[in-house]
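Note on naming: letters A, B, ... go to the chains in the order of the sequence lines (proteins, then strands), and numbering restarts at 1 for each one.
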Amino acid sequence: MLDPKLIRNELDYVAAQLARRGFKLDVAAISTLEDQRKAIQVETQQLQNERNKSSKAIGQAKAKGEDVQPLLDAVANLGGKLKAGEERLEQIQNQLNEILLGIPNIPQADVPDGRDENSNVEVRRWGEPPRFDFTVKDHVDLGDGLGYLNFDTAVKITGSRFSVMSGPVARLHRALAQFMLDTHTREHGYTEVYVPYAVNSDSLLGTGQLPKFEADLFKLNTDPAYYLIPTAEVPVTNIVRDTIQNAEDLPLRFVCHTPCFRSEAGSYGKDTRGMIRQHQFDKVELVQIVKPQDSLDALEQLTGHAERILQLLELPYRTVTLCTGDMGFSAAKTYDLEVWLPGQNKYREISSCSNFGDFQARRLKARWRESETAKPQLVHTLNGSGLAVGRTLVAVMENYQQAGGAIAIPKVLQPYMGELTIIE
RNA sequence: GGAGAGGUGCCUGAGUGGCCGAAGGGGCUUGACUCGAAAUCAAGUGUGGAGCUUGCUCCACCGAGGGUUCGAAUCCCUCCCUCUCCGCCA
């Protein structure tokens, strides 16, 4: 959520910034509602003040044993007016709030303008796409040939967009997650956390998935409703919801391995083959809670932590800055990491690292205090995939494939595979 | 799932209709004392919001949401959470 005061005082500026990412702010509606809000709030608070004073007077008169009937008569019709005012105020504040919750974050100044992914800017490349002296297979054919990756069985068990792995491929998948967790905890200073895979609506509101993107979520039939997490970002970032952190405890760095569940509504034609776009996939997520002045550096650092995994796995990738039109709802700036997939002969997203500024923190009421006596202020939140495990498995299979359809094991994973060097 | 007890500020703990944004104690901050520390003494110490003459005034918040009342932390209803016991269970 943007700062309501900023919207109130700099409405045109906010509208211009949001226009950069293709969001049309309804300036007229907001300023009309804002005028109404102001008038009614002042009026209502005045009535409340009147009521409080009268009630106090009645109490005092009663204590002295005086006749309170005249005082009661005087406030007789105050109640109705007050109630009407409070109801109107609540109604208008709800309307304003609904609009506010639907407004995306303002892009950082250095984010390139653009409508869609075509305007994303490549900032660096690492590694060389491998050359093969045979016809390359994609991970579906490789998995099929080996017999360790199966989509038909998953369709029987559940439906489309799920997968079944077995044997060494299942182990490789597990090894990847272990390797990522170990690297981030041992080398990058993250604290491993284990969290619920189902969350309540407050948590989703806090990180920005609700109210706008309910269609992308799996909703459980509980009362109140729980939702399967679409990313560990939700439970992990919500660790600091409704808290005030001490300055010396920041930054907080969490790493978390969870399954992620996405209904992928509205992407029916996309990536229907293979493991690229699934309803269920594993991800190792990095989350940082930092002081506002540190968030720009933290994004560079966090992106580097995610890149490090690709480098250690020796997977070629490139880093792109998302343009204003391609960024997620809550992000102020996002780097995507795109790994080389020989099966598709192109780079595909494997990680997304974002700085959210105080956008999530305001929804989360996540704050910190400079010193004992200082006022609490909002933290900044960041997160990034470090990495998407399923897509990393795809990348390893396709980049490490051998002539006969076997798959070599990256060196850093061999300790996790009982020193196995090849899957065949 | 069944039975019972509870949810108050950073912590502890009082408050059962008005003088309560909330006693007392602890903690913390500042000052005094001290060579310094401890002890002692004094003062201060929640969050969010609104308005304007930016320093003041006002509003809201005692798990959440409703209700009763001129007035609710206090009474009523619903929900959530915690604890104890029983049942079931990885």
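- Comparing the C1' positions of U47(B) and U8(B) gives a spacing of 15 Å, expressed to the nearest Å.
- Nearest-nucleotide assignment on RNA chain B puts the 5′-proximal partner with Lys62(A), out of Asn49(A) and Lys62(A).
- When the P atom is used for both G26(B) and G18(B), the distance is 28 Å, rounded to whole Å.
- Within a 6.0 Å radius of NZ in Lys411(A), no more than 12 heavy atoms belonging to other residues, nucleotides or ligands are found.
- A gap of 28 Å separates the C1' atoms of A90(B) and G4(B), to the nearest Å.
- Residue contacts for Lys375(A): at a heavy-atom cut-off of 4.0 Å it reaches the sugar-phosphate backbone alone, with no base atom in range.
- Classification of Arg262(A) and Asp216(A) as a salt-bridged pair fails, no side-chain N sitting under 4.0 Å from a carboxylate O.
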Where each pair must be Watson-Crick or G-U wobble with both distances under 3.5 Å, what dot-bracket representation of RNA chain B is obtained, with crossing pairs in [ ] and other-strand partners as |? ((((((((.[[[..)..(.....]]]((((((.......))))))(((((((..))))))).[[[[[..)....]]]]])))))))....
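- For the C1' atom pair drawn from G87(B) and G2(B), the interatomic distance equals 8 Å after rounding to whole Å.
- Nucleotides U45(B) and A50(B), compared at atom C1', are 24 Å apart to the nearest Å.
- Between the side chains of Gln301(A) and Gln288(A), at least one donor-acceptor pair of N or O atoms lies under 3.5 Å.
- A salt bridge links Arg277(A) with Glu264(A): the closest approach of a Lys/Arg side-chain nitrogen to an acidic carboxylate oxygen falls below 4.0 angstrom.
- A donor and an acceptor atom, one from each side chain of Glu233(A) and Gln360(A), are located under 3.5 Å apart.
- There is a side-chain donor-acceptor pair under 3.5 Å between Gln48(A) and Glu86(A).
- The stretch residues 358-381 of chain A participates, sequence neighbours left out, in these ring pair (Phe, Tyr, Trp, His ring centres under 6.0 Å) pairs: Phe329(A)-Phe359(A).
- Counting 5' to 3', RNA chain B first comes under 4.0 angstrom of a heavy atom of chain A and last does so at the ends given by G18(B) to G71(B).
- Nucleotides C76(B) and U16(B) are separated by 14 Å at their P atoms, to the nearest Å.
- The aromatic rings of His188(A) and His305(A) sit parallel to each other, their planes meeting at less than 30°, with 60° as the upper class boundary.
- In terms of position on RNA chain B, the residue among Gly79(A) and Glu50(A) whose nearest nucleotide sits closer to the 5' end is Glu50(A).
- Taking atom P in both A23(B) and A43(B), one finds a spacing of 15 Å when rounded to whole Å.
- Within 4.0 Å of Lys53(A), counting heavy atoms only, lies no atom of the nucleic acid at all.
- Separation of the C1' atoms belonging to U74(B) and G17(B) is 7 Å when rounded to the nearest angstrom.
- A donor atom on one side chain and an acceptor atom on the other are not found under 3.5 Å apart for Gln45(A) and Asn49(A).
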